[in-house]
Amino acid sequence: MTGRFTRALAFAAVAFALAACGHDGHASAGTPRVGVEVPLLTSPFWQAYENALAPSARAAGIDLLAPGNANGDTAKYLTDVRNFFTAGVDGLVLSPTDTAASVTVLDEAAQMKIPVVTVDVAPDAGTVFMVVRADNRAYGTKACGFIAKHVPAGKSVVVIEGDLTSINGRERTQAFSECMLQVPHVGVLEVPAQWDALKAASGLEALLAAHRDVGGIYLEAGGVYLAPTISVLRRHGLLFPAGDPRHVVIVSNDGIPQELAAIRSGDIDATVSQPADLYAKYGMMYIKAALAGKTFTPGATTHGSRIVRLPQGMLEDELPAPLVTRANVNDPKLWGNANS
Amino acid sequence: MTRFGFIRELGLLPALVVIVLAGALINNKFLTPINVVNVLANTSALALLVLGETLVLIAGKFDLSLESIVGLAPAMGLMLVLPVAARGWGIDLPVAVGLVAMLALGALVGAFNGALVVRLRLNAFIVTLAMLIILRGLLLGMTHGETLFEVPDAYLFLGAATVAGLPVSVWLTALCYVAAALFLRYHRFGRALYAIGGNAQAARAAGIRVGRVTIGAYVVAGLLAAVAGLIMCGRVGAVAANQGNGWIFNVFAAAVIGGVSLDGGKGTMFGALTGALLLNVVDNLLTLAQVETFWIQAIYGGIILLALMFSRLTNRAEQV
């Protein structure tokens, strides 16, 4: 009895799944079909990127397949990309979860003559038409520069780090630490939070209890760390608006609307705005250019960035990532303002 | 049996004492009242999850889906009360209804898991693994990956408010542990859990309603996971779409190093609590000691291994 019920249920489930797969629309002739893979969707930054994809594709005249989500898993990333091959894409816009593991699928794409643009990550090797990326080392350096200028001597600074197994977490941490070595009057304390809000809260709380001299905090990802940081400071009676002598200088990273609101209210001082919308826009623009047979050379671009040749041979368009402070927080060109 | 159980209960305590003494020597801020309160507050959410998992483990089953309830329950509770502009559903239900719905969701998922395992006789590991993935996917779909920032004060109470110098979450966790320990020792349902985990056939023959008790354990575990999620929400001041991601590993680690058997029938509340405390004490100590980030995980794992070996030497009870 139970067995028959289970079998019927399983049959219904499979039938439903197959029917759902059948909705794969076909491209109208002429517009190129492009597949996009995002590394994860649980950060406001990647969410904003994903939101910007469809309008960017429409503007560039591209038929966009439903984006794949690797969910932080390299194996899932590789499977998704190979599924795009099977679906017969003309081009790919990829954000690899891992700089090394992506090389195999890049080689496969090159054999099939499918051009690839990577976004946010420069693979270690392989054929890539263009890397669209902001300089993550510059994020760490900019944050350090702001903190060096605004945190008084003799204080210490807490850095809430990203996952050090990801290139972006690693580069921000390294650039920030190297730069802070040049600022000997401010000590650095580390919280290895691995993009996890609760780890950020408990680590920061422990350091605040032990070090009464914390004068600054750098959040490597505002999307995840902003809420726990504000909440911990408030709980310990340490949240004072900018301008108050007891204010803790906070520099964040991402440029989400909530960070911009926190800058306006004086809770935090600055953030590095990652260009989520520009990632989508230029990702689509470059894949379209690749399919049209255009080529690019190193040098300044017409959209305010620079194309450089990376050591591994590929070209990278380094998009500007502005430091947002009270002075320019209302700039309508910031993606965080367009969103709200 | 009771004498044996008592020795198991002390299991991790000597190791915990040694680590705390060593910590006090390494860092003079470690034993300050404020840091001790921080460690307790940070342990509360994990400890409630471990409590629920321990009940299910004692009955000889698994529940992996708890880590997804931790994110889904508070997110749903929030979206029911938040306006569309704050990424809610715009239903604008009263806050109290949202809180009740959140707890109900945890209990319902537990009941569903329990029913699949008990009535359909499906493998608990696989069922709750599937549930883990489904619920995590629901959370991602509901929130579109976005963090819910606008949290009403009532949702922050458990994680952020303090009563008589201690966070509410710590009082609540302590209360739950005392209640669960008494329940396991003196209530017939509690004793039935051990009997079922030890030998389900024998328990059934002895007149214990095996299915009902097992489902009950799942319901309590799901409910506690929802409460743990609410505590996390209060501590962080928001619910991220990855809340609870990967936590089930810590939950099992705490339960097992606390002497709870994966084969069922064995384990105590005191052991489970010392397991959860040990993980958080070590984590806190490593942060205070500012161990280099690239080495922190290796050292964390090493200390836990040493603690296990130490507790094996200080009491003869075999670890299972």
Side-chain angles (χ1 to χ4, degrees), chain A residues 2-3 5-6 9 38 40-48 50-51 69 71-72 159 161 164 169-170 173 177 188-212 223-232 234-236 256-258 261 340, chain B residues 27-30 32-39 41-43 45-46 85 119-122 136-137 139-140 143-151 156 159-162 167 232 234-247 280 283-288 290-294 296-297:
Chain A
T2 312
F5 173 70
T6 317
L9 202 70
V38 297
L40 47 115
L41 278 177
T42 49
S43 88
F45 173 76
W46 284 110
Q47 219 276 321
E50 209 255 359
N51 271 347
N69 172 16
N71 204 10
V159 47
E161 299 169 342
L164 295 179
R170 207 159 54 226
T173 303
S177 312
V188 177
L189 301 163
E190 298 177 301
V191 176
Q194 299 172 317
W195 313 130
D196 183 295
L198 207 67
K199 282 198 179 119
S202 60
L204 179 63
E205 203 156 39
L207 292 179
L208 286 177
H211 301 264
R212 281 284 158 203
V224 207
Y225 300 152
L226 178 69
T229 301
I230 299 290
S231 151
V232 165
R234 183 172 292 139
R235 201 153 59 224
H236 290 261
I256 60 169
Q258 288 80 4
S340 57
Chain B
N27 192 299
N28 60 356
K29 304 288 183 185
F30 179 67
T32 53
I34 182 169
N35 192 54
V36 172
V37 170
N38 283 346
V39 172
N42 283 326
T43 308
L46 177 68
R119 304 288 176 226
L120 282 187
R121 310 252 171 116
L122 294 173
R136 176 128 339 266
L139 174 59
L140 188 60
T143 59
H144 280 255
E146 297 199 51
T147 301
L148 301 167
F149 279 95
E150 286 175 40
V151 183
L156 298 176
T162 46
M232 285 190 200
R235 291 195 61 72
V236 169
V239 175
N242 69 350
Q243 178 160 304
N245 214 349
W247 270 61
N280 276 284
D283 189 59
N284 176 267
L285 188 55
L286 292 179
T287 306
L288 285 184
Q290 284 292 295
V291 174
E292 203 200 331
T293 312
F294 286 98
I296 208 159
Q297 286 184 21

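Reckoned from all heavy atoms, side chains included, excluding hydrogens, waters and symmetry mates. Everything quoted here is computed from the prediction, not taken from an experiment. Naming convention: chains lettered A, B, ... in sequence-line order (proteins, then strands); numbering from 1 in each chain.
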Quiz item: Is there side-chain contact between A/Val159 and A/Thr173, with at least one heavy-atom pair below 4.5 Å?
Solution: no

Quiz item: Which of the residues B/Thr287, B/Leu140, B/Asn38, B/Leu156 is involved in the greatest number of heavy-atom pairs with chain A at under 4.5 angstrom?
Solution: B/Asn38

Quiz item: A/Glu190 versus A/Leu207: any side-chain heavy-atom pair under 4.5 Å?
Solution: no

Quiz item: Is a side-chain donor or acceptor of A/Gln47 paired with a backbone partner of B/His144 at a separation under 3.5 angstrom?
Solution: yes

Quiz item: Where on A/Ile230 is there a heavy atom nearer than 4.5 Å to chain B: the side chain, the backbone, both, or neither?
Solution: neither

Exercise. Work out which heavy atom in B/Asn42 is nearest to a heavy atom in B/Asn280; give both atom names and the distance.
Key: O-OD1, 3.7 Å

Exercise. Sort out for me which of A/Gln194, A/Arg170, A/Glu50 touches chain B most, counting heavy-atom pairs under 4.5 Å.
Key: A/Gln194

Exercise. Let me know if B/Asn242 has heavy atoms under 4.5 Å from chain A in its side chain, its backbone, both or neither.
Key: both

Exercise. Quick one: which residue pairs count as a salt bridge (charged side-chain N to carboxylate O under 4.0 Å, His left out) with a foot in residues 194-205 of chain A, not counting sequence neighbours?
Key: A/Glu205-A/Arg235, A/Glu205-B/Arg235

Quiz item: With a 4.5 angstrom heavy-atom cut-off, which part of A/Trp195 approaches chain B: side chain, backbone, both or neither?
Solution: backbone

Quiz item: How would you list, by chain and number, every residue that makes a side chain to side chain contact (heavy atoms under 4.5 Å, CB included) with A/Ala200, sequence neighbours excluded?
Solution: A/Ile160, A/Ala193, A/Tyr225, A/Pro228

Self-check item: A/Leu41 CG to A/Asn51 CG distance, which is reported to the nearest 0.5 Å
Solution: 9.5 Å

Quiz item: Contact part of A/Asn71 toward chain B, heavy-atom cut-off under 4.5 Å: side chain, backbone, both or neither?
Solution: neither

Quiz item: Side chain, backbone, both or neither: which part of B/Gln243 has a heavy atom under 4.5 Å from chain A?
Solution: neither

Quiz item: Under a 4.5 Å heavy-atom cut-off, does chain B meet the side chain of A/Val188, its backbone, both or neither?
Solution: backbone

Quiz item: Picking from A/Ser202, A/Ala201, A/Gly223, which has the most non-hydrogen pairs under 4.5 angstrom with chain B?
Solution: A/Ser202

